[in-house]
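Accompanying notes for the structure given below.
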2 protein chains.
Amino acid sequence: MSSPAPSSISEVLSYEKAQRMAEFFSLLGDPNRWRILSVLALGETRVRDLAERVDMTESAVSHQLRILRSARMVSYHKQGRNVFYTLQDHHIFNLYRDVSEHLDEPEEDPGLAADSIAEANE
Amino acid sequence: MSSPAPSSISEVLSYEKAQRMAEFFSLLGDPNRWRILSVLALGETRVRDLAERVDMTESAVSHQLRILRSARMVSYHKQGRNVFYTLQDHHIFNLYRDVSEHLDEPEEDPGLAADSIAEANE
DNA sequence: ATAACCCATGAATCTCTGTTCAGCTATTGA
DNA sequence: TCAATAGCTGAACAGAGATTCATGGGTTAT
């Protein structure tokens, strides 16, 4: 048994844990996914309109939404033949807002906002 | 002219900005880079020892260090024929620590810590 | 019922990224 | 000087990820 042990920083990261960390960051490692999130941050949107606003094909958007869905970053609800997507919750919204705003600060590397990231995974 | 304008969240993210955001997250989107950072979080380390501890070839480690270097996440100093690498600064250390600890919390998705991420980019 | 529209999905393709491999420089020790 | 060690780098190769293309299901309108 033995509980996972609150690994303070005293050992090399396990491969399994490193994998999980990398997977989350990879989700945000695509510019088009960020653009999609940026549209959703303005309010719920149909796939079709989403595609138009980010200038991608509907298919490409749909594939990306699948990824964001399985990561629980967006949710959706159907209405007739339309499907409306939204940011899953305020954590995701804060994540987008914080990272985005941090990048607006001039003279700095691409910026982020870590508290939001923490929340985004809950 | 016209200053960049503190883009509040009212428009679609520009492609250029989305790109920068994605690039930063991509840096942390590889498990081996996390493992390397985890070793460096324990103290400065030679490339050779680094390779041994994360179980990678020296060459592979060297390639990854090149990426981390150009992202200013690690720094180094030579001593004879050895090259010692360290985390660039406490921001990077905090980033690693926070994200790592967040992941230790049971029953949650891969976790992160956004304030550290913000700092890590300065 | 038929046509048009919205969206999802699988396969193929293409691109990007990471590792391996071979070779090179520089430094140390015999 | 010669051999061995430490590290870096470019090219080749392989795998992962993203888009395109074609297709199919479900819904609305005619």
Side-chain angles (χ1 to χ4, degrees), chain A residues 13 15-16 18-40 44-86 110, chain B residues 13 15-16 18-40 44-86 110:
Chain A
L13 202 55
Y15 216 109
E16 183 266 338
Q19 186 79 36
R20 281 186 293 157
M21 292 166 81
E23 271 169 16
F24 176 80
F25 278 87
S26 288
L27 280 176
L28 303 174
D30 181 89
N32 285 332
R33 278 197 288 275
W34 276 113
R35 281 166 58 82
I36 288 172
L37 292 178
S38 81
V39 173
L40 296 182
E44 69 174 13
T45 314
R46 294 189 306 157
V47 176
R48 194 171 195 304
D49 295 335
L50 210 41
E52 189 178 352
R53 301 186 65 179
V54 299
D55 193 33
M56 295 171 66
T57 65
E58 285 183 37
S59 179
V61 169
S62 192
H63 277 296
Q64 294 296 5
L65 286 173
R66 179 172 171 19
I67 294 174
L68 294 173
R69 238 161 44 215
S70 62
R72 299 177 189 284
M73 297 188 81
V74 302
S75 59
Y76 66 97
H77 68 91
K78 298 181 183 177
Q79 211 170 70
R81 56 186 168 190
N82 295 316
V83 179
F84 290 86
Y85 280 83
T86 339
Chain B
L13 202 56
Y15 214 109
E16 183 266 337
Q19 185 80 35
R20 281 185 294 157
M21 292 166 81
E23 270 169 17
F24 176 81
F25 279 87
S26 288
L27 280 175
L28 301 174
D30 180 88
N32 285 334
R33 276 197 287 276
W34 277 111
R35 280 166 58 81
I36 288 173
L37 292 178
S38 81
V39 172
L40 297 183
E44 68 173 13
T45 314
R46 293 189 306 157
V47 175
R48 196 174 192 302
D49 295 335
L50 209 42
E52 189 178 352
R53 301 186 65 180
V54 298
D55 193 33
M56 295 170 66
T57 65
E58 286 187 39
S59 180
V61 170
S62 193
H63 278 297
Q64 294 296 7
L65 286 173
R66 179 172 174 14
I67 294 174
L68 294 173
R69 238 160 43 216
S70 62
R72 299 176 189 285
M73 298 189 79
V74 303
S75 58
Y76 67 96
H77 67 93
K78 298 182 182 175
Q79 211 170 71
R81 54 186 168 190
N82 295 317
V83 179
F84 291 86
Y85 279 83
T86 337

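When reading the values below, keep in mind they use all heavy atoms of this one structure, side chains included, and skip hydrogens, waters and symmetry mates. Below, chains carry the letters A, B, ... as their sequence lines are ordered, and counting in each starts from 1.
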Between CZ of B/Arg66 and P of C/dT17 the distance, given in whole Å, is 14 Å

B/Lys78 NZ to D/dG7 C1', in whole Å, measures 9 Å

To the nearest angstrom, how far is B/Arg81 atom CZ from D/dA3 atom P?
16 Å

Tell me whether the OP1 or OP2 atom of C/dT9 has a side-chain N or O from A/Arg69 closer than 4.0 Å.
yes

Please test A/Asn32 against B/Tyr15 for side-chain hydrogen bond (donor to acceptor under 3.5 Å, both in side chains), starting from the C-alpha separation and ending with a verdict.
CA-CA 8 Å; A/Asn32 285 332; B/Tyr15 214 109; 3.3 Å; yes

Atom-pair distance (CD on B/Gln19; C1' on C/dT15), nearest Å:
13 Å

Within the structure shown, what part of the strands sits under 4.0 Å from A/Ile67 by heavy-atom distance: base, sugar-phosphate, or nothing?
sugar-phosphate

Could you state the CE-P distance from B/Met56 to D/dC8, rounded to the nearest angstrom?
13 Å

Provide, to the nearest angstrom, the distance between the OH atom belonging to A/Tyr85 and the C1' atom belonging to C/dA8.
8 Å

Distance in angstrom units between A/His77 NE2 and C/dA8 C1', rounded:
17 Å

What about A/Ser59: does its side chain form a donor-acceptor pair under 3.5 Å with the base of D/dC21?
yes

Measure from the side chain of B/Val83, starting at C-beta and using heavy atoms only, and say which of D/dG7, C/dA8, C/dT20 lies closest.
D/dG7

Taking 4.0 Å as the cut-off, does a side-chain nitrogen or oxygen of A/Gln64 come that near to OP1 or OP2 on D/dT19?
yes

Side-chain donor/acceptor of B/His63 to base of D/dG7, under 3.5 Å:
no

Could you pick out which residue, B/Thr45 or A/Thr57, lies toward the 5' side of DNA chain D when each is mapped onto its nearest nucleotide?
B/Thr45

Of the listed nucleotides (D/dC8, D/dA4, C/dA4), which one gets closest to any side-chain atom of B/Val47?
D/dC8

Measure from the side chain of A/Arg46, starting at C-beta and using heavy atoms only, and say which of D/dA6, D/dA18, C/dC6 lies closest.
C/dC6

Testing C/dG18, C/dT9, D/dA18 for proximity to the side chain of B/Arg33, the answer is C/dG18

Tell me yes or no: between the side chains of A/Tyr85 and A/Arg69, is some donor less than 3.5 Å from an acceptor?
yes

Hey, what's the ring geometry for A/Phe84 with A/His77, parallel, tilted or perpendicular (30° and 60° as the breaks)?
parallel

Whole-Å gap separating P (D/dT20) and CG (A/Asn32)
9 Å

